[in-house]
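Here the structure is laid out as structure tokens; the discussion comes afterwards.
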Amino acid sequence: MRLVLVGPPGAGKGTQAEVLSRKLGVPHISTGDLFRSHISNQTELGLEVQSILDEGALVPDSITNEMVRKRLAESDATDGFLLDGFPRNVAQADKLGEFLAVDEHDLDAVLEFRVDEDVVVERLLARGRTDDKEEVIRHRQQVYRNETAPLLSYYAEKVISIDAVGEIDEISERALAALNSLRDEK
Ligand code: ADP
């Protein structure tokens, strides 16, 4: 399956992606993790994006798109993937469509994780990543509302919304159930 996960910072996308990736047998590709790994390895790309991540702003599309294009071309992603954190705006979504169209592929679904913003601020402050300071979190939420939420209408009929409040297992069950019924429909 080729899936995209969408949800505000702190919705638990990363946590759910780990579970779903195992159950569905497709790689979990997180742009946030890819950037953080470049930063900790102090690669050229890492040095370029570090301050952007610290501010909670978006890395320029040219850098992000190229990183994702290369990752999707790796052999483990040929039959499916779970994209977490990409696309994050409509221009990136257009690019993703182009990358997939090269092999006549398409997304199967876009999973939207729904949570209340104030609930997630608490969760993120508890996590304590370097970009998990209250004002940076608020900025990331604003970026989500302005840039990323429009993807929900962009992908319209592909979107499956999941209530992301509750126990981790409960939420994975909801997501898997929704994906199974999608598979049955096909
Ligand atoms: P969160 O789930 O809290 O939003 P992520 O780990 O997905 O955090 O992303 C952390 C940061 O990495 C973002 O705030 C942004 O700076 C950068 N980033 C991740 N994905 C993208 C993307 N698709 N486009 C631009 N920047 C991105």
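Side chains are part of it too, since the values below use all heavy atoms of this structure and drop only hydrogens, waters and symmetry mates. Indexing begins at 1, ligand by ligand and atom by atom, following the structure's order. Treat the numbers as computed from the prediction; the structure is a model and nothing was measured.
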CZ (R71) and CG (L83) are apart, to the nearest 0.5 Å, by 9.5 Å
Tabulated below should be the N or O atoms of ligand 1 paired with protein N or O atoms at under 3.5 Å; can you produce that?
residue	atom	partner	partner atom	Å
ligand 1	3 (O)	R140	NH2	2.5
ligand 1	4 (O)	R88	NH2	2.6
ligand 1	6 (O)	R36	NH1	2.9
ligand 1	6 (O)	R36	NH2	2.9
ligand 1	7 (O)	R88	NH1	3.3
ligand 1	7 (O)	R88	NH2	3.2
ligand 1	8 (O)	R129	NH2	3.2
ligand 1	9 (O)	R88	NH2	3.4
ligand 1	16 (O)	A57	O	2.5
ligand 1	20 (N)	T31	OG1	2.7
ligand 1	20 (N)	G85	O	3.2
ligand 1	20 (N)	R88	NH1	3.0
ligand 1	23 (N)	G85	O	2.8
ligand 1	23 (N)	Q92	OE1	2.9
ligand 1	24 (N)	Q92	NE2	2.9
ligand 1	26 (N)	V59	N	3.1

Only pairs under 3.5 Å count here: list side-chain donor-acceptor contacts from residues 96-103, not counting sequence neighbours, and write none if there are none.
residue	atom	partner	partner atom	Å
E98	OE1	K95	NZ	3.4

When you check the gap from the basic side-chain N to the acidic O, do R22 and E18 get nearer than 4.0 Å? no
Separation between CD (Q16) and CG (L176), nearest 0.5 Å, reads 8.5 Å
Going by side chain to side chain contact (heavy atoms under 4.5 Å, CB included), V115 matches just one of V165, I162, I171. Which one? V165
Is the number of heavy atoms from other residues, nucleotides or ligands under 6.0 Å of L125 CG greater than 12? yes
